[in-house]
Amino acid sequence: MELSAKYNPSEVEDKWYAYWQDHKFFHSEPDSREPYTIVIPPPNVTGILHMGHVLNNTLNDVLIRKARMDGKNACWVPGTDHASIATESKVVAKLKGMGISKEDLTREEFLKHAWEWKEEHGGIILSQLRKLGCSCDWDRTKFTMEPELSKAVINTFVYFYKKGLIYRGVRMVNWDPVGLTAVSDEEVNHKDTASKFYHMKYFISDGNGNPTDKYIVVATTRPETIMADAAVCVNPNDERHHWLKGKKVLIPLINKEIPIIEDDYVEMDFGTGCLKVTPAHDAHDYEIGLRHNLPVLDIIDDHGRLNEKAQILVGEDRFDARNKIAKMLEEAGNIDHIEDYTSPIGYSERTNAVIEPKLSAQWFLKMEDLAAMALDSVESGNVKLIPDKYRNTYRHWMETVRDWCISRQLWWGQQIPAYYLPDGKVVVEATPEAALKAAQAIDPALGMDDLRQDPDVLDTWFSSWLWPISVFDSNKAGHPEAEPNSDLAYYYPTNDLVTGPDILFFWVARMIMAGDEFMKEVPFRNVYLTGIVRDKLGRKMSKTLGNSPDPLDLIAKYGADAVRIGMLLCSSAGNDIFYDESQVEQGRNFCGKIWNSFRLISGWEHSAGVETPEAAKLAVKWFENRLSQTIELVEDHYSKFRISDALMAIYKIFWDDFCAWYLELVKPAYGCAIDETTYQATLGFFEALLKMIHPVMPFITEELWQAMADRKEGETIMYQPTPKAGAWEACVLDSFDLAREAVMSIRSIRQQKNISPKEQFALKIKGDFPMEFAAVVAKLANTSSIEKVADFGQDSGASFMVKTVEMFVPLAGFVNVEEELAKLRKDLEYQKKFLENVRKKLSNESFVAHAPEKVIAVERQKEADSLSKIESYESAIKALENNK
RNA sequence: GGGAGCUUAGCUCAGUUGGUUUAGAGCAUCUGCCUUACAAGCAGAGGGUCGGGGGUUCGACUCCCUCAGCUCCCACCA
C-alpha cells in the first residue's frame, strides 16, 4: 500500500468514523462480559462544542476505548439536556425576531415552536462529538425531555411528594427578572459589585403623620425599595436608639408612617445601627417581618419594575428608579450623605441578571435526608472523587444544603403534575386521569374541567439527576420497588463519570442522591473532575473575549487526534487547563512522527535469507523489556486516572525509545534488505505501540493498523486487546542504558570537537561494561573497534565516564590537550566536592546510628563509586600531562 | 467573613508513607546539522539555593508553625 508522504487527517478521520459506525462498533448490548459504562454529561441540546466539551469528551473517550480494548463490554451513553432556561430564552429571542411575543402564545403554541427549534438546532453538538472521534453508542442517544425520560421525572416528583419530601410553600426565592423564573440557590453567583450606600433621613412622626424636626439616619443600598418599608429596626441593646422606643417614623417622599421596632438581628456597629425593614424585597427583612407581624408590600413586578403599589416611579426599572429616587431624596432634603460601597450582589447563572429576592409560591424538595445519604456515599468511599481534595468541598456543601427549589416559571420542561381543585386543594398524580380519580375521592362531583394543573415546570437538574438510571430504564426512577430492566441491571452502576467541578453539586451530588433513593446503590464509582479550560493567560474562555477557538476549526487544521493530544497533554485532574495552540501542534507533530516511522518500516525490503545482525538482536531484546516495563507504567497511570501521564509514557517510548533508538539500531544499510526475524519483531512492536496509543489517537492508529497488514472487512484496532506486560529484566535495561550513554557521550565529543559522524574511531573501556551490548555502541556511535583494556596507554584522546565505567577514544590530531585537561580538572573538582559531602554524612555519628542499614549502604556505595571516579580522573589527567 | 487548595527550570506539571549520587518530564531556548522515515525533523547543550522565614529530625521539595502571593468554594451585614 502506498503511503502519502504526509499524514492527512481529514481524509482518514471521516473514512474510519464511518467504518466504525457502519459496523456498529460503538454499540453495546448486555452479555456475559464485564460491563464498563459511562453516561455522558449531557450538553445543552442547543449548545455548540467548546473547548471544555473537547477536554471532557476526550477523557471519556479515552476511558471507554481503553476499557473496550481491555475486553470489557464498553457502553458510552450519549444524549442532551433540555436546559429549560437557556433553551426557552433562545426560543423567546427567536420569536421576538419574528415579531412574536411569548405572552401572545398559548403554552401549546409556544412548545410547538420550541420543539421545532430543538429539532432544527438540537443535536448539533452530538454530530460535533463524532468529529472528535467519540465512540458513543449512538443507538442509545437520549434526551432529557423525550417522553420516556419525562415520565421518569414525573414519577419521581409524585414519589417524593407522596413520601412527604416535596412541598409547596411561599418563600423568599431568587427571582431572575430576565429569565422570569425562580432559580435555585446554586444557580446564583455572588459577585462583589460597586454600588452606593445611601444614608437617608427618616423623620420622626408627630403621631399624626406629620414630620417633627427630629430624624434618624437609615442606610441602604436600595433606596428604590423604601416605599415597601414596613418598619425601621434597631438593636434592643443599642442605647443610642432607646429614645425611639414606641415612636414612628415617616418614609421619605410618600410620608407613610411606619413603626420603630427592636430586633437582635440588627448589628449595632454596622451602618447607623438603624435598619429599614422591607419584608417583600429582602430575605432577612422577611424573617424579621414574620417575627414582628409586619405587613408585606411587594412593589416590584416580575420584570424588576416598580408597580403601582410603589405609588411613585411606577413602571420604572429598579436601577433607573434607584438613580431617580436618589435625586428626589436629595431634593427633598432626605439624604444625609452617600458613600461608595462594594457589596456582594447575586447574579443569575443563566442570564446574568441581578437576582431579585422575591416572595413567591414555589415547590421544594427536602434535602436533609437525601444529602446525608449522599454525603455518606462519598465519605465511605463508595464514590471516589478525583482528585480527592473535592471531598472537603463536597462535605461542606452537603452539610449546609437547603431545600431545593425545583419549580421554574417556564414552559420548556416537565410540567409539574400537581392539580388544583376549585377549593384550592391539590392532588399530585402522574397523569391527569389519575389526578381526576384522586380528586373525585375528595369530591365525586368533580370533572376534568375542574382541575387546573400547576403551570410551572421542573428544574432541569430534576431530570438530569436521574440520568444514569433513566437512560437505561425509564420506569425505575420514582419506583424504587420495581425490578430493574435488563439494561439497568447490567449497566448500573456506571463506572466512571468525567465532569467539571462546577457541577459537582448541581449534578453529581444529586445523581448520588437519586441513586441512593431509587437503586440503593451509587450511580458511579469514580468521579473524575477536570479543570476549567482557560487560555494561556489564565482567562476563562468566553465568547466576549474571543479567546475560545472553535474546536472544529482546530480539528480541520490539525486533525482530531492532534486536538485530543493537545488537550490531554496539559490536563492533570482538577487543575485548570491552560490551553495553547502549541500543544495541539505538538499533537500534530506526534502524528507526523508515527506516520513517518511507519513509512520507514513499510518501505523496507525484508528477506529470510539475511542473517540477523548483532545490533538488531540486542535491539529486539532490549525493546521487549522496555515495552513491558512501559505497559506496566501506563496501566498504573490509568488505574490512578493519570491520563496525561499515561499519554506521556507512551509518547516517550514511541518517539524516544522506538524511533530514536530502536529503529536506528535495526535499520538496514542503504539499499539492503532487513532480516525477516527483526522485521517481524519490528512490526509486532509497532502494532503494540499503536494499540497502546489508540484510546488517545483513534484515527491515525486505525489507519496504520489497517495499512500494516491485510485486514479483513470488519476488523478494527478498536477491539484489539491492550498489550500485556511480560516479565522484564532490569539488568537488560540497565545494560542498554550504559550503551546508550556511551553513544551519547561519543556523539557529544564529536560535536564538541567538530568530528564528522562518518569519521570512525576506536573505543577503549576500563571497568565493568556489558560487552554483549558493544554492537549497540558500534552501530550508533560508529566506532571501528571496542575493547576492554587495563590501561588506556599514552595516546592522546578524550576520556569520559559512563556511570562508573571509564571510557576513552584515541583522537590523535583532534584533541586540544589543554582543553581536555581543563575539562577533566573540572570534573575532578566536582567529584571531590561530592565525595566530601558523602563523607561528611558518613562521619556523622548520629547518621550512622539512626539511619537505616539500606541508606547507609547506599552512602557507602556512593563513596566507593566516587573514589573510583576520582582515581580515574586523576590517572587521565596524569596521562595527558605526560603527553604534553 | 468562613473554608479548601496551590506556590518546584522561561511555560505547563511529576515528585508516591522524609533517605539511589548536588531534584525530574514535556514544551520552549541555545549550538551544530537539508545524515537515503520525518526540518512538523536529527544530534548535542544550557537552565532550578523546590515562594520567604523559623522549627522537628542524623537527614526536609516532602512533616509542623509563620509570613507573602495566587486560585477556587461557601456566605443575603442592611
Side-chain angles (χ1 to χ4, degrees), chain A residues 3 5-7 172 174 188 190 197 218-222 233 265-267 269-272 274-278 282-285 287 343-346 355 357 387 389-394 396-397 400 501-502 504-505 532 536 538 558 569-572 574-578 580 582-583 585-586 588-603 640 642 644-645 648-649 651-652 659-660 663-664 667 669-671 744 747-752 754 756-758 803 830 833-834 837-838 841 844-852 854-859 861-863 865-866:
Chain A
L3 276 182
K6 279 201 162 68
Y7 173 55
M172 191 61 84
N174 308 298
V188 178
H190 291 272
F197 207 18
V218 176
T220 184
T221 54
R222 302 201 59 190
C233 188
Y265 168 73
V266 179
E267 301 279 341
D269 51 3
F270 186 81
T272 59
C274 298
L275 169 71
K276 74 185 210 46
V277 182
T278 319
D282 184 281
H284 271 306
D285 290 9
E287 296 294 321
S343 60
I345 303 288
I355 290 296
K389 67 178 178 185
Y390 284 106
R391 252 193 14 209
N392 293 326
T393 322
Y394 182 88
H396 182 251
W397 191 77
T400 58
D502 49 334
L504 181 57
F505 310 129
I532 311 267
K536 63 178 168 181
Y558 295 103
L569 277 175
C570 55
S571 63
S572 53
N575 285 335
D576 281 359
I577 317 288
F578 295 93
D580 185 15
S582 69
Q583 291 151 353
E585 283 176 30
Q586 195 183 341
R588 175 203 54 191
N589 296 352
F590 188 39
C591 288
K593 193 68 191 177
I594 295 173
W595 187 258
N596 282 311
S597 66
F598 184 65
R599 281 179 62 220
L600 174 68
I601 298 167
S602 65
K640 292 168 182 155
R642 300 167 71 136
S644 66
D645 287 342
M648 188 47 67
Y651 179 93
K652 282 198 280 194
C659 294
L663 287 180
E664 291 302 326
K667 194 192 251 182
Y670 184 61
M744 293 198 310
R747 283 174 178 167
S748 177
I749 287 168
R750 283 184 193 277
Q751 172 138 344
Q752 280 164 28
N754 214 2
S756 158
K758 286 172 184 146
K803 299 227 160 64
Y830 175 92
K833 207 168 161 197
F834 177 72
N837 284 334
V838 174
K841 216 171 191 181
N844 181 334
E845 280 172 32
S846 277
F847 171 73
V848 181
H850 291 94
K854 231 171 92 183
V855 175
I856 297 173
V858 167
E859 291 302 316
Q861 186 60 48
K862 283 187 205 169
E863 184 187 29
D865 289 351
S866 185

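Just so we're on the same page: letters track the sequence lines, and every chain starts at 1.
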Which heavy atom of [X] sits nearest to which heavy atom of [Y], and what is that distance?
| X | Y | answer |
| --- | --- | --- |
| Val277(A) | Cys233(A) | CG2-CB, 3.5 Å |
| Gln583(A) | Phe578(A) | NE2-O, 3.3 Å |
| Cys274(A) | Val218(A) | O-CG1, 3.8 Å |

Distance between [atom1] atoms of [N] and [M] (Å, rounded):
| N | M | atom1 | value |
| --- | --- | --- | --- |
| G24(B) | U49(B) | P | 15 Å |
| A78(B) | U17(B) | P | 45 Å |
| C50(B) | A9(B) | C1' | 10 Å |
| U71(B) | U12(B) | P | 14 Å |
| U16(B) | U31(B) | C1' | 38 Å |
| A60(B) | A45(B) | C1' | 31 Å |
| G54(B) | G48(B) | C1' | 23 Å |
| G51(B) | A14(B) | P | 14 Å |

So, do [X] and [Y] sit near enough that their side-chain heavy atoms are less than 4.5 Å apart?
| X | Y | value |
| --- | --- | --- |
| Asn392(A) | His396(A) | no |
| Ser866(A) | Val838(A) | no |
| Tyr7(A) | Ile594(A) | no |

Can you see whether Ser748(A) engages Gln752(A) through a side-chain donor-acceptor pair at a distance of less than 3.5 angstrom?
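Yes, side-chain donor-acceptor contact under 3.5 Å.
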Asp865(A) and Gln861(A): side chain donor to acceptor below 3.5 Å:
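Yes, side-chain donor-acceptor contact under 3.5 Å.
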Angle between ring planes, Trp397(A) versus Phe505(A), binned at 30° and 60°: parallel, tilted or perpendicular?
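If you compare the ring of Trp397(A) with that of Phe505(A), the planes turn out parallel.
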Give a yes/no answer on whether the side chain of Arg588(A) brings an N or O atom under 4.0 Å of OP1 or OP2 in A40(B).
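Arg588(A) to A40(B) OP1/OP2: no side-chain N or O under 4.0 Å.
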Tell me whether the OP1 or OP2 atom of G15(B) has a side-chain N or O from Arg642(A) closer than 4.0 Å.
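Yes, Arg642(A) has a side-chain N/O under 4.0 Å of OP1/OP2 on G15(B).
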Reckon [X] touches a base, only the sugar-phosphate, or nothing at all at heavy-atom distances under 4.0 Å?
| X | value |
| --- | --- |
| Tyr651(A) | sugar-phosphate |
| Pro357(A) | nothing |
| Val277(A) | nothing |
| Phe270(A) | base |

Counting only side-chain heavy atoms from C-beta out, which of [options] sits nearest to [X]?
| X | options | result |
| --- | --- | --- |
| His850(A) | C74(B), G5(B), C58(B) | C58(B) |
| Met744(A) | G44(B), G26(B), A4(B) | G44(B) |
| Phe197(A) | A78(B), C27(B), U22(B) | A78(B) |
| Glu267(A) | G19(B), U12(B), A78(B) | A78(B) |
| Arg747(A) | G26(B), G19(B), A43(B) | A43(B) |
| Val858(A) | G26(B), C58(B), U20(B) | U20(B) |
| Ala851(A) | A78(B), G19(B), U22(B) | G19(B) |
| Thr221(A) | A78(B), C58(B), A4(B) | A78(B) |
| Asp645(A) | A14(B), C58(B), A40(B) | A14(B) |
| Lys652(A) | A25(B), C27(B), A78(B) | A25(B) |

Grab the [atom1]-[atom2] distance between [X] and [N] for me, whole Å please.
| X | N | atom1 | atom2 | result |
| --- | --- | --- | --- | --- |
| Arg391(A) | C73(B) | CZ | C1' | 17 Å |
| His396(A) | A75(B) | NE2 | P | 8 Å |
| Asp580(A) | U12(B) | CG | P | 10 Å |

Opposite nucleotide pairing with [N], Watson-Crick or G-U, both atom distances under 3.5 Å:
| N | value |
| --- | --- |
| C11(B) | G26(B) |
| U57(B) | none |
| G1(B) | C74(B) |
| A43(B) | U31(B) |
| G69(B) | C6(B) |
| U20(B) | none |
| U36(B) | none |

Does Tyr390(A) lie flat on the base of C72(B), that is, centres under 5.5 Å apart and planes under 30° off?
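Not stacked by the 5.5 Å and 30° rule.
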Filtered N/O pairs between nucleotides 29-39 of chain B and protein, under 3.5 Å:
| from | atom 1 | to | atom 2 | distance (Å) |
| --- | --- | --- | --- | --- |
| U31(B) | O2 | Gln751(A) | NE2 | 3.0 |
| A37(B) | OP1 | Lys667(A) | NZ | 3.4 |
| A37(B) | O2' | Asn596(A) | OD1 | 3.1 |
| A37(B) | O2' | Arg599(A) | NH1 | 3.0 |
| A37(B) | N6 | Cys659(A) | O | 3.4 |
| A37(B) | N6 | Glu664(A) | OE2 | 3.1 |
| A37(B) | N3 | Asn596(A) | O | 3.1 |
| A37(B) | N3 | Ser597(A) | N | 3.3 |
| C38(B) | O4' | Asn596(A) | ND2 | 3.4 |
| C38(B) | O2' | Asn596(A) | ND2 | 3.3 |
| C38(B) | O2 | Lys593(A) | NZ | 2.9 |
| C38(B) | N3 | Lys593(A) | NZ | 2.7 |

With nearest nucleotides of RNA chain B determined for Asp285(A) and Tyr7(A) from heavy-atom distances, which residue corresponds to the more 5′ nucleotide?
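Its nearest nucleotide lies further toward 5', so the answer is Tyr7(A).
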RNA chain B: Ile577(A) or Asn589(A), which has the more 5' nearest nucleotide?
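Looking at RNA chain B, the more 5' nearest nucleotide goes with Ile577(A).
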Donor-acceptor pair, Asn596(A) side chain versus Gly592(A) backbone, under 3.5 Å?
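Such a contact is found between Asn596(A) side chain and Gly592(A) backbone.
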